[in-house]
Undergrad: 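One structure, as structure tokens, below. Some questions next.
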4 protein chains.
Amino acid sequence: MSFNTFGHLFRVTTWGESHGPALGCTVDGCPPGIAVTEADLQPWLDRRKPGQSRYTTQRREDDLVRILSGTFEGRTTGTPIQLMIENTDQRSRDYGDIARTFRPGHADIAYHQKYGLRDHRGGGRSSARETAARVAAGGVARAVLAALVPGLRITGYMVQMGAHAIDRARFDAAEIDRNPFWCPDARAAAAWAEELDRLRKAHDSVGAVIEVVAEGVPPGLGAPLYAKLDSDLAAAMMSINAVKGVEIGEGMAAAALTGSTNADEIRMGPNGPEYLSNHAGGILGGISTGQPVVCRFAVKPTSSILTPRRSVTVAGEETEVVTRGRHDPCVGIRAVPVGEAMMACVLLDHLLMDRGQTGGLRGRIG
Amino acid sequence: MSFNTFGHLFRVTTWGESHGPALGCTVDGCPPGIAVTEADLQPWLDRRKPGQSRYTTQRREDDLVRILSGTFEGRTTGTPIQLMIENTDQRSRDYGDIARTFRPGHADIAYHQKYGLRDHRGGGRSSARETAARVAAGGVARAVLAALVPGLRITGYMVQMGAHAIDRARFDAAEIDRNPFWCPDARAAAAWAEELDRLRKAHDSVGAVIEVVAEGVPPGLGAPLYAKLDSDLAAAMMSINAVKGVEIGEGMAAAALTGSTNADEIRMGPNGPEYLSNHAGGILGGISTGQPVVCRFAVKPTSSILTPRRSVTVAGEETEVVTRGRHDPCVGIRAVPVGEAMMACVLLDHLLMDRGQTGGLRGRIG
Amino acid sequence: MSFNTFGHLFRVTTWGESHGPALGCTVDGCPPGIAVTEADLQPWLDRRKPGQSRYTTQRREDDLVRILSGTFEGRTTGTPIQLMIENTDQRSRDYGDIARTFRPGHADIAYHQKYGLRDHRGGGRSSARETAARVAAGGVARAVLAALVPGLRITGYMVQMGAHAIDRARFDAAEIDRNPFWCPDARAAAAWAEELDRLRKAHDSVGAVIEVVAEGVPPGLGAPLYAKLDSDLAAAMMSINAVKGVEIGEGMAAAALTGSTNADEIRMGPNGPEYLSNHAGGILGGISTGQPVVCRFAVKPTSSILTPRRSVTVAGEETEVVTRGRHDPCVGIRAVPVGEAMMACVLLDHLLMDRGQTGGLRGRIG
Amino acid sequence: MSFNTFGHLFRVTTWGESHGPALGCTVDGCPPGIAVTEADLQPWLDRRKPGQSRYTTQRREDDLVRILSGTFEGRTTGTPIQLMIENTDQRSRDYGDIARTFRPGHADIAYHQKYGLRDHRGGGRSSARETAARVAAGGVARAVLAALVPGLRITGYMVQMGAHAIDRARFDAAEIDRNPFWCPDARAAAAWAEELDRLRKAHDSVGAVIEVVAEGVPPGLGAPLYAKLDSDLAAAMMSINAVKGVEIGEGMAAAALTGSTNADEIRMGPNGPEYLSNHAGGILGGISTGQPVVCRFAVKPTSSILTPRRSVTVAGEETEVVTRGRHDPCVGIRAVPVGEAMMACVLLDHLLMDRGQTGGLRGRIG
């Protein structure tokens, strides 16, 4: 991963600003012969796009993805796939304040200090709008994974909003698509709805924790020691806007465990080794074990709020910032499909790397 | 980062197994003219080496580092620096059990499945012994940072062992070097000592949380979007053996915050902008802001314990594993200098990248 | 360089096929604050575009470049710059023969064997049309070089067409822009014109040698041993369509020299060391010396000719291929601006790498 | 390729100076389970080592290679393989002149200007001694290729010394190992012997052209557009010390051909397509076609000669340099095994990349 490219063999390079004419990405190193059309990608983008419920920004962005290269007669050719999303909601407006003032919690000041100038319109390059390109790339990765590893399934959902975590005892995968929070616990979803309504009236926002699980991942993915599967997942998730923490399996809670509890014991099942628990989150020594790969990440609360916050201007004047506009009260909601997309890209990349190095051999047990 | 190399411009490639003749690393892309001798590196290795207290493994490893290339008359030449540590404690022993049985919680089974064979002696490549090479590379990075950014200071310490966190109100940096746990809270250190003694008698082990802080980091480090400073730190820390979670600033706790609390407000100080808090951990939009960079990571409990755990053999037979030998009851202790080393390498790498792209310009405020 | 990306810090990723809706590139890692608009890039594209004389293809491609991201108010922001060129001459036509038959000398058969399918329209990804994206990226590189190294000047020209080389004694830089061959020898240009007319009537084509010289290159560029300046130039030039050989300085002729002749002797001039000759082509040990960097490459004759050539079909049938259409009788002509663009990109990339590693220090002499 | 690492998946990082304690390389990404011992590698190093005939330097370097990691019980484990060669001929000597004077044609001045200091002993990092590490890595690559592509064979030989080229009509592969020049033309070898004796008496040296051919390369290797097989070969060969030109197939001579001559016509043979000629050198569009891959490179004459050459000192004084010592009169001779090693590494790297991306599929013909 370097600058705006991530991945080793399946490589994604994103480009574009929030309010430029378009944004997109180049997907390189994709296996050839895979059926991928715009119709295959659009549903993933629709999951991320704003305005899906009253809990996400009411900006209107159609996020229509176009494939400009790399496919022929509906199949990938092995050459770079250019995915472009035009920005249709570029209404002219007065950005005077944002142009000169640094919004607390935003990247404004950091971009200014690093580059000496910045495209302030809607956050420019640091806008979460860039994640649309990731979701498009993730759609390509999913199509390839579906062809190469039919049983692999990636599911993302929210497990905590603010201080309220789901009750794992009430986990119901069928619930995830039934509420606007991708929440597997119906009761938690109801509580979150109330909480978000309250926060919005209070001109505030809140953070969240997202969990992404990949089932059916073959053992052997991950290239230790510095392209470990967990290391690459950590980099991928931490690169998403507003993410402040990443966990694999037990995550930070592993600190509180004893060795006798934490070790996932192994027995022989009909199709090979089976684990009696999954504290490891499906990864040992940076390599997938065949258990579900479990990754969580925390998204900080939206920094764009109506509550005034103290800040300074480019000229060094002290001021207060109130960020008007149509902002997500919990940006974590829309991070769910983004986390899934990053999981898909990382898994496919490692599938290709492993196939390159080992030819896909699997050491026999039993 | 790919396979066994990490870094973009300051690149470290590690090699070596736990029980081979030696291990080490190549440090490439190092700025020239920096004073670095073996005597400068050895103290960092001594901090990591085993047997420093009764709370770490009693294996005797001198971990003497040799510089085989890349320096001339005590200064770096800009060519690759080879750092080698010979394995002196390669006593002949019977590895029969480990050779055929997969230790739960260890990488044994994953290496077997990926590669079809593995060097089982002491964990082979997946042994934490490899982190000695990281600490050596970190010593080079520190020497360069000392020359290029004189005020920069990196400090690692343990903030939680098992379920017992330090009390931040009792934080005393001077305590860190006074106890065997790199613990800034003397009272917590005493409690941890008791806890570890108890666990050892119970043939068990425990996890920990390490915090690494870098003060004096100039603003502007980090290359968004996929070589963000936090993304690269996450990858670096997650690549350390046994790490299961990484946090920047508030980390996972950011989920529970509101936007009005989380935003670090800004005022003008005598030398430019000053922040009223540091929830962000010194990084916004993947770029350092000049605030202290705060990174935490959780280390799972040592998997090598005397308590029997159920497992299987290569032949698919069910069995129980008891890992005898001289193992750390809390491997997190020795992860402290490793985390510091990774922080040093990542910061230097980004300092060089930023200097390459921007020439080290800093957008003026005020 | 990997797949469709080249460069270390100044990184260019190209995408697009000959007859898709568009092609382009992402320029990443560009220094911020550099004045670059579409009007700055278009002139470079106009030099490469077809139909400039009767000696290049009469296809009509306007090759209008659009900047979709990475600049703000006419300056680079340090974020990825997307350059797009729409394909306007996508007339519907019958590709039946090309679709099933492999044109000798073309990449058709190789793409088919590697990927199992290919976009045959106009050569698809293997079309020289892709070089338009390189020229656009080179325009950005030139703008940055102009800002960072004002005296640096890059000049490309043709030194041989078919068996006819220029007479170095008649070299006149002012001639280069005065004839359709970028030829610095007016008499050679006249001979080439006759030769090309003759070849075209004979339904044939011919190869060429291009020389690209960079003057004013500071000493110290190049990152030995595997990112040597000459090594990266060789890769860059060899990646251009139809290139079969690359030379630095004396090139292949160095084999015939003796050591006493080949060594460029050094004297002291008013501003430092001066060389009495430039057999080395400005590069020693992979590092620029401050002398002009001299690179040459040979372009094979256009494979698309009206003379029938024996070949086979996808079905394995033997056949003959005649390539109709509007093809360059000497594709080397249009390779001149492409070679210049690659030189610009490589030099800038190394300027940034060197600045990253060394801070731009220059060891003093005298 | 970056700094001291080359390769994408099969990655080699070299380190070490001519007169330091040792030099070597890390071979990373190697497929597991391949039989490789020191005894397998040593023969390749013996071919390169000095003192094999009176036409190479009489320095005594045993070049004994040790495997320090990455193999277990004689097989590769998939982890990094460290290959070390100790420098045994480090006799103490007076380097006073070289330390302060820049030898014309050498990298001395370029290293000084770039890094501000240099290890002058024997050329330090820029010494051709580094190529021993490449040959060792090439030995590993050959072992893997032998296992994965049994019919693949790599042969290097010298085709020109000074102005004297071999007569292709007298090409006899059996001759290559029978003379000290790896020359396939016995008569040319005799002429070269005389020429070298004459040059040595004249205190001079001479250049050479090496050809490396790989037969049995499967079609489909190469990752266009910027990791084309020819592009990577060009980079690899140009990175060898003293190389000034690289050619694929017809190379620079392609310029003089017409399209009707240059196109390699195709017919169907019993096992698929067959070509009637090989002007392309086995590569079309950057992808191997199944024909022999043919690569040539020119090595400049040894710069270390007894004939005085004018130069300057670090202090800027004008002086004359006579390079005493035991130098190769034609350094091209020892470049033959180095060229073979680079070919082996590049082919294996691309074999793994292709297997990663495409799974090794081959588009069917007939």
Side-chain angles (χ1 to χ4, degrees), chain C residues 1-4 6 8 104-105 107 110 112-114 116 126 160 163 204-205 207-209 219-220 223 226-227 230-231 234-235 238-239 244-248 251-252 254-256 258-260 262-263 265-266 268 273 284-285 287 289 298 300-302 305 307 309-312 316 361 363 366, chain D residues 1-4 6 104-105 107 110 112-114 116 126 160 163 204-205 207-209 219-220 223 225-227 230-231 234-235 238-239 244-248 251-252 254-256 258-260 262-263 265-266 268 273 284-285 287 289 298 300-302 305 307 309-312 316 361 363 366:
Chain C
M1 316 224 315
S2 194
F3 290 107
N4 293 281
F6 70 91
H8 307 270
H112 174 79
Q113 287 184 295
K114 183 179 183 73
S126 69
Q160 184 182 331
D204 216 334
S205 63
V209 176
Y226 300 109
D230 37 6
S231 182
M238 194 65 96
S239 76
K244 301 304 286 183
V246 181
E247 302 186 314
I248 303 293
M252 300 305 292
T258 58
S260 54
N262 181 66
E265 294 182 294
I266 317 174
M268 281 306 285
L284 287 171
I287 301 169
T289 61
K300 72 179 184 184
T302 317
I305 50 176
T307 304
R309 298 285 88 192
R310 285 173 286 178
S311 188
V312 299
L361 77 81
Chain D
M1 315 223 316
S2 193
F3 290 108
N4 294 281
F6 70 92
H112 173 80
Q113 287 184 294
K114 182 178 185 73
S126 69
Q160 185 182 331
D204 217 333
S205 62
V209 176
L225 294 179
Y226 299 108
D230 38 5
S231 182
M238 195 66 95
S239 75
K244 301 303 287 183
V246 181
E247 303 187 313
I248 303 293
M252 299 305 292
T258 57
S260 53
N262 181 67
E265 296 183 292
I266 317 173
M268 282 305 286
L284 287 172
I287 300 168
T289 61
K300 71 179 185 185
T302 316
I305 50 175
T307 304
R309 296 285 88 192
R310 286 172 286 177
S311 187
V312 299
L361 76 81

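Within every chain, numbering begins at 1; the chains are lettered A, B, ... in the order of the sequence lines, protein sequences first and strands thereafter. Source: prediction; values computed, not measured.
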Undergrad: Heavy atoms only: give me the nearest D:Arg309-C:Ala263 pair and the separation to one decimal.
TA: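 Scanning both residues completely, I find the closest heavy atoms to be CD-CB, 4.1 Å.
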Undergrad: Give the member of C:Ile305, C:Val312, C:Val209 that has the highest number of heavy-atom pairs under 4.5 Å with chain D.
TA: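 Looking at each option in turn, the highest pair count goes to C:Val312.
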Undergrad: Could you look at C:Ser260 and say if it's the side chain, the backbone, both or neither that has a heavy atom under 4.5 Å from chain D?
TA: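 Interface part for C:Ser260: both.
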Undergrad: Using a 4.5 angstrom heavy-atom cutoff, name the option from D:Ala223, D:Ala163, D:Ser311, D:Ala208 with the most pairs to chain C.
TA: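 Greatest number of close heavy-atom pairs with chain C: D:Ser311.
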Undergrad: Identify the heavy atoms of C:Ile266 and C:Pro273 that sit nearest to each other, and give their distance.
TA: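 Scanning both residues, the minimum pair turns out to be CG2-CB, 3.8 Å.
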Undergrad: Measuring only between side-chain heavy atoms, which start at C-beta, is C:Gln113 closer than 4.5 Å to D:Ile287?
TA: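 Result no, sub-4.5 Å side-chain heavy-atom pair not found.
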Undergrad: What part of C:Gln160 is in contact with chain D, defined as an atom under 4.5 angstrom from a non-hydrogen atom: side chain, backbone, both or neither?
TA: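 Only the side chain of C:Gln160 comes within 4.5 Å of chain D.
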Undergrad: Only pairs of heavy atoms separated by less than 4.5 Å count here; which of D:Thr307, D:Thr289, D:Asn262 has the most with chain C?
TA: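 Looking at each option in turn, the highest pair count goes to D:Asn262.
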Undergrad: Specify the closest pair of heavy atoms between C:Met238 and D:Ile248, including all atoms of both residues, with the distance to one decimal.
TA: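 So the minimum-distance heavy-atom pair works out to CE-CG1, 3.6 Å.
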Undergrad: In terms of heavy-atom pairs under 4.5 Å, which option from D:Gly366, D:Pro301, D:Gly316 contacts chain C the most?
TA: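 Option with the top pair count is D:Pro301.
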Undergrad: Name the region of C:Asn4, side chain, backbone, both or neither, that has any atom closer than 4.5 Å to a heavy atom of chain D.
TA: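 It is both, since atoms from each part get that close.
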Undergrad: Go through the atoms of D:Leu361 and report whether side chain, backbone, both or neither lie under 4.5 Å from a heavy atom of chain C.
TA: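 For D:Leu361, heavy atoms of backbone and side chain both lie under 4.5 Å from chain C.
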Undergrad: Please classify the contact between D:Thr302 and chain C as side chain, backbone, both or neither, with a heavy-atom cut-off of under 4.5 Å.
TA: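 When you check distances to chain C, only backbone atoms of D:Thr302 fall under 4.5 Å.
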Undergrad: Specify which of D:Ala107, D:Gly285, D:Ala256, D:Gly105 makes the most heavy-atom pairs with chain C at under 4.5 Å.
TA: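 Ranked by contacts with chain C, first place is D:Ala256.
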Undergrad: Can you tell me how far apart CG (C:Asp204) and OG1 (D:Thr258) are? Round to the nearest 0.5 Å.
TA: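 Interatomic distance, C:Asp204 CG to D:Thr258 OG1, rounded to 0.5 Å: 4.0 Å.
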Undergrad: Go through D:Ala110, D:Pro104, D:Gly116 and name the one with the most non-hydrogen pairs under 4.5 angstrom from chain C.
TA: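 When all of D:Ala110, D:Pro104, D:Gly116 are compared, D:Ala110 has the most.
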Undergrad: Against chain C, work out which of D:Glu247, D:Arg310, D:Met252 has the most heavy-atom pairs shorter than 4.5 Å and name it.
TA: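 Looking at each option in turn, the highest pair count goes to D:Arg310.
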Undergrad: Please identify, among C:Ala255, C:Ser126, C:Gly245, C:Pro219, the residue contributing the most non-hydrogen atom pairs under 4.5 Å to chain D.
TA: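 Among the listed options, the one with the most contacts to chain D is C:Ala255.
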Undergrad: Quick check: does any side chain N or O of D:Ser231 sit under 3.5 Å from a backbone N or O of C:Ala235, one acting as donor and the other as acceptor?
TA: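 It does hold such a pair.
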